[in-house]
Amino acid sequence: MNNTVTTSIVDDVAVVQIDNPPVNALSHGVPEGLVAAIDEAERNPAVRAIVILGAGRTFVAGADIKDLEAAAWDSSVDPPDIHDLLTRVEDAAKPVVIAIHGTALGGGLELAMAGHYRVAVRDARVGLPEANLGIIPGAEGTQRLPRLVGVERAIDMIVTGKLFPVTDAHEWELIDHIIDGDLRQGAVAFAHDVAARGPHRKTRERSDMLGTPEENAPLFEAGRQLAKKVRPNQTAPVTALEAIEAATTMPFERGRRRERELAIGSVRSSQCRALVHAFVAERAVAKVPGVTDAPAASNLPAVEEVAIIGAGTMGSGIAMACANAGLRVVLTDAAQERLDAGFAALRRNYESSVKRGRLTPADVEKRIALVKGAVGYEACASADVVIEAVFEQMALKQQIFAALDAVAKPGAMLATNTSMLDIDAIASATRRPDAVVGLHFFSPAHVMRLVEIVRGSSTSVVTLASALALAKKLGKVGVVVRNSTGFVGNRMMLPYMYEAQFLVEDGATPEQVDRVLTKFGMAMGIFAVDDLGGLDVAWRIRRELNQFSEPGARRPLVADALVELNRLGQKTGKGWYKYEGGRTPIPDPETTAVIDRVTAGAGIRRRRVEDDEIRERTIYALINEGARLLEEGVAMRAADIDVIYLTGYGFPGFRGGPMFHADKVGLPKVLERVSAFHGELGERWKPAPLLERLVKEGRTFRDYDAGRMQ
């Protein structure tokens, strides 16, 4: 008996329901159950049509990620093949209606396209997002989609991997009918109506939308350009184009076999392993042993109102993120003019969303109405969570947290948005350090997905679990880390950034370094990032933390010289680059002159720096520091570090994060280069003990994570 697939008869329609929570994945047993259900319905003379739908919150959201992960890591395991199911659906003598709610993604949409008809509720979404995992649609999606929506639309859907509203899919005739009201009732009524029609067309037999080679040539060229734009350096979109082209030049059976060959090849790729690792790791960070599985985490206090102290860029962005999640927000500041500026920024951000078509004016007004303004701390009294988002000054933050003791209600979470400072020192200003946690949002806070959740020495399990739940409610990826200067993200960022600056002093140029890093896949070069954030930010950090005070430590000289010249980046129009009325970095001869002057004065003999040296010194600096964080317990898992860098720092997803990338390169090679740099460049390159130990034991960071979870 198959409990994941059940059948009920409604009038003359067999309603086949998939119940495989949480997302009705097509894992083992589901395809077999569907085939058996169709066979049974065909044998029943009282049944004239078949409806297939999903239980719970969605239709089928694709294949089981565990099956894909197994195939990606083990070449003896093939990815699932549901060809027999799709053929059985399409060859059914009685019409098969696929009824969609929630999402029909990947294998779910491929199953739907094998049906004779597709209906959906109005708020459903569809898509083939396989490219997000470094693979191509491998269940005949590249063969059926162009037959239904045309080659151009199929290319766009598959290369971008976007999800599309069902209203668009209806317009493209991918969806036959939109149901307003109960999906089951509407689908049964639709199936009853089409049962009297005939014949019921099989998607695989259609060819009217496939075009000619001459018509398709420019479409495929445009697809290649689209792939370069939206997924640079990634192989899956280009492979998918080859599979789509097979649909236009081969009979269906040959085309689907070619798709299968290409799909298996994509699953075996290193990019697939990296992207699957990223997908699995992002979901794993929500599980923190001793916290999320603790009894106290099962009955957390409700969060309905959030107070934010500080109406600057970060404060207003956090307010927007909270309002977007439907929470009541109190935005406070010490001065009315700063509060007014914060609300003006909030409205500008929302107006930008309207211009991009992401929100309607009515949506904006509803969300802005959730945000109230106030001067002073008293307005925080009713908040379930208070988030401090003021300047990075310890004395100011301690003053605020001391004041919160007098106004915040018992049980309220007290969070600081600090990006560098000691959580324990901030918590020491209160009489409830157990309620204090770091919530390090990334700018712009209403857009960036990452929140570093910083656990102080006194932070309670309830506070940590509540912080994770809040991040989830805000649609963020919350990663728990322990207290350390810069936590995980910024502590790794500093050696990465400073090594890039030393490379420029040694003979590279900012544009050369940034070109190497963006070619590697980073979203932005490090010098463009520094200009965006402001060179004065790192300048203050160097002084606040008394960095480079160790005897013999190399100090970044050019960065300090640029700050002294008020070249602070985009906000002053000049930094490492110059900016002429926009955000596009332009190489600046004045920067070159400063570099030449400062290095000559310091006796640094500049030389030719090769691209390989740039890549190794920057990326391996990240990896070595990441290994230190694991050794110290600041990060719990190497995968946690990967998620932080993938979601907060623009590390390329197809490389899986810095620690995964280290495994791919090979830890012995990484250690060899780090050791060489240690000998050449000094103590900042001393190999992390964990890196040395893993190499000695023949293990990887992936092995390390597996051991930590046992």
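The structure presented is a predicted model; accordingly, all values stated were derived computationally and were not measured.
Side-chain atoms of T87 and D84 form no donor-acceptor pair, as typed in the model, at a separation below 3.5 Å. A donor-acceptor pair shorter than 3.5 Å can be found between the side chains of T58 and T103. S27 and D67 form no side-chain donor-acceptor contact under 3.5 Å, judged by distance and modelled atom types alone. Between the side chains of Q143 and R258, no donor N or O sits under 3.5 Å from an acceptor N or O.
Here R515 pairs with D611 in a salt bridge; the nearest charged N to carboxylate O distance falls below 4.0 Å. A salt bridge is absent between E140 and R260: the closest approach of a Lys/Arg side-chain nitrogen to an acidic carboxylate oxygen does not fall below 4.0 angstrom. Using a cut-off of 4.0 Å between Lys/Arg side-chain N and Asp/Glu carboxylate O, D642 and R655 are scored as not salt-bridged. Salt bridge R204/D91: present, at least one basic N to carboxylate O contact under 4.0 Å. Salt bridge present: E616 and R673 bring a charged side-chain N and a carboxylate O closer than 4.0 Å. Note on E90 versus R144: salt bridge recorded, some NZ/NE/NH1/NH2 to OD/OE distance being below 4.0 Å.
Other residues, nucleotides and ligands contribute over 12 non-hydrogen atoms within 6.0 Å of the CD atom of E42. Crowding of Q225 atom CD: a count of heavy atoms from other residues, nucleotides or ligands under 6.0 Å exceeding 12. Under a cut-off of 6.0 angstrom, the local environment of NZ in K202 is crowded, with over 12 non-hydrogen atoms contributed by other residues, nucleotides or ligands. More than 12 non-hydrogen atoms from other residues, nucleotides or ligands lie less than 6.0 angstrom from CZ of R273.
Side chain of K669 to main chain of A662: no donor-acceptor pair is present (N/O by atom type, distance under 3.5 Å, no hydrogens or angles). Using modelled atom types, no side-chain atom of E69 and backbone atom of V276 make a donor-acceptor pair closer than 3.5 Å. With R231 contributing its side chain and V159 its backbone, the two residues share a donor-acceptor pair below 3.5 Å. Not one N or O on the side chain of K472 forms a donor-acceptor pair closer than 3.5 Å with the backbone of V477. Side-chain atoms of E259 come within 3.5 Å of backbone atoms of T142 as a donor-acceptor pair (strictly under, hydrogens ignored). A donor-acceptor pair is defined here as one N or O able to donate and one able to accept, closer than 3.5 Å; no such pair exists between the side chain of E697 and the backbone of L694. With hydrogens and angles disregarded, no donor-acceptor distance shorter than 3.5 Å links the side chain of R615 to the backbone of L517. A distance-only check finds a donor-acceptor pair linking the side chain of R118 to the backbone of G115 [under 3.5 Å]. Of the possible polar contacts, none joining the Y704 side chain to the R699 backbone as a donor-acceptor pair under 3.5 Å is found. The main-chain N or O of L26 is never found under 3.5 Å from a side-chain atom of D64 such that the two would form a donor-acceptor pair.
Interatomic distance, N132 CG to L275 CG, rounded to the nearest 0.5 Å: 8.0 Å. The CD atom of E32 sits 8.5 Å away from the CG atom of L85 when rounded to the nearest 0.5 Å. If you take CD1 on I641 and CZ on F701, they are separated by 7.5 Å, rounding to the nearest 0.5 Å. Within the model, atoms CD1 of I50 and CG of L34 stand 10.5 Å from one another, a figure rounded to the nearest 0.5 Å. To the nearest 0.5 Å, atom CG of residue L145 and atom CZ of residue R153 are 10.0 Å apart. T235 contributes atom OG1, which lies 11.5 Å from atom CD1 of I135 (distance to the nearest 0.5 angstrom).
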Apply salt bridge (charged side-chain N to carboxylate O under 4.0 Å, His left out) to residues E40 and R43 and explain how you reach the verdict.
CA-CA 5 Å; E40 181 184 347; R43 289 192 297 266; 5.6 Å; no
Begin with the C-alpha distance, continue with both residues' side-chain angles, and end with the deciding distance and a verdict on ring pair (Phe, Tyr, Trp, His ring centres under 6.0 Å) for H277 and F660.
CA-CA 8 Å; H277 163 77; F660 184 92; 4.6 Å; yes
Checking F442 against Y649 for the ring pair (Phe, Tyr, Trp, His ring centres under 6.0 Å) test, could you report, in this order, the C-alpha distance in whole Å, the side-chain angles of both residues, the deciding distance, and whether it holds?
CA-CA 9 Å; F442 286 68; Y649 290 86; 5.2 Å; yes
From CA spacing to verdict: ring pair (Phe, Tyr, Trp, His ring centres under 6.0 Å), H661, F520
CA-CA 11 Å; H661 177 66; F520 176 79; 5.1 Å; yes
Pair I52, V97 - check side chain to side chain contact (heavy atoms under 4.5 Å, CB included), show working.
CA-CA 6 Å; I52 299 176; V97 177; over 6 Å; no
L470 vs V451, test: side chain to side chain contact (heavy atoms under 4.5 Å, CB included). Steps then yes/no.
CA-CA 10 Å; L470 177 62; V451 178; over 6 Å; no
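Within the 4.5 Å cutoff, the side chain of V480 has no heavy atoms near those of the M636 side chain. Here the side chains of D19 and T6 are not in contact, with every heavy-atom distance at 4.5 Å or above. With contacts defined as side-chain heavy-atom distances shorter than 4.5 Å, the pair V119/I98 does not qualify. Between I158 and I136, every side-chain heavy-atom pair lies at or beyond the 4.5 Å cut-off. With a 4.5 Å cut-off on side-chain heavy atoms, T292 and K287 count as touching. Looking only at side-chain heavy atoms (C-beta outward), R449 and E282 come within less than 4.5 Å of each other. When side chains are defined from C-beta on, F164 counts as touching D156, because their heavy atoms get closer than 4.5 Å. V51 places none of its side-chain heavy atoms less than 4.5 Å from the side chain of V16.
Between G656 and A274, the shortest heavy-atom contact is N-CB, 3.5 Å. Between F654 and P232, the shortest heavy-atom distance links the atoms CE2-O, 3.8 Å. The two atoms that bring T618 and Y496 nearest to each other are O-CD1, 3.5 Å, heavy atoms only. For A41 against A14, the heavy-atom pair with the smallest separation is CB-CB, 3.9 Å. A278 approaches L646 most closely through the heavy-atom pair CB-CD1, 3.5 Å. Minimum heavy-atom separation, V121 to V166: O-CG1, 3.2 Å.
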Please list every donor-acceptor pair under 3.5 Å in which a side-chain atom of residues 247-256 meets a protein atom from a residue at least two apart or in another chain.
residue	atom	partner	partner atom	Å
T248	OG1	E245	O	2.7
T249	OG1	E245	O	3.0
E253	OE2	R256	NE	3.0
E253	OE2	R256	NH2	2.7
E253	OE2	R257	NH1	3.4
R256	NH2	H83	NE2	3.3

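Applying the side chain to side chain donor-acceptor pair (under 3.5 Å) test to S269 and every residue at least two apart in sequence or in another chain returns nothing. Evaluation of the side chain to side chain contact (heavy atoms under 4.5 Å, CB included) rule for A688 yields N624, A627, R628, L691 as partners, not counting sequence neighbours.
Because its NZ or CZ atom is both nearer than 6.0 Å to the ring centre of W73 and within 45° of the ring axis, R702 counts as a cation-pi partner of that residue.
Aromatic ring pairs are classed by plane angle as parallel below 30°, tilted from 30° to 60° and perpendicular above 60°; the pair H116 and H200 is tilted.
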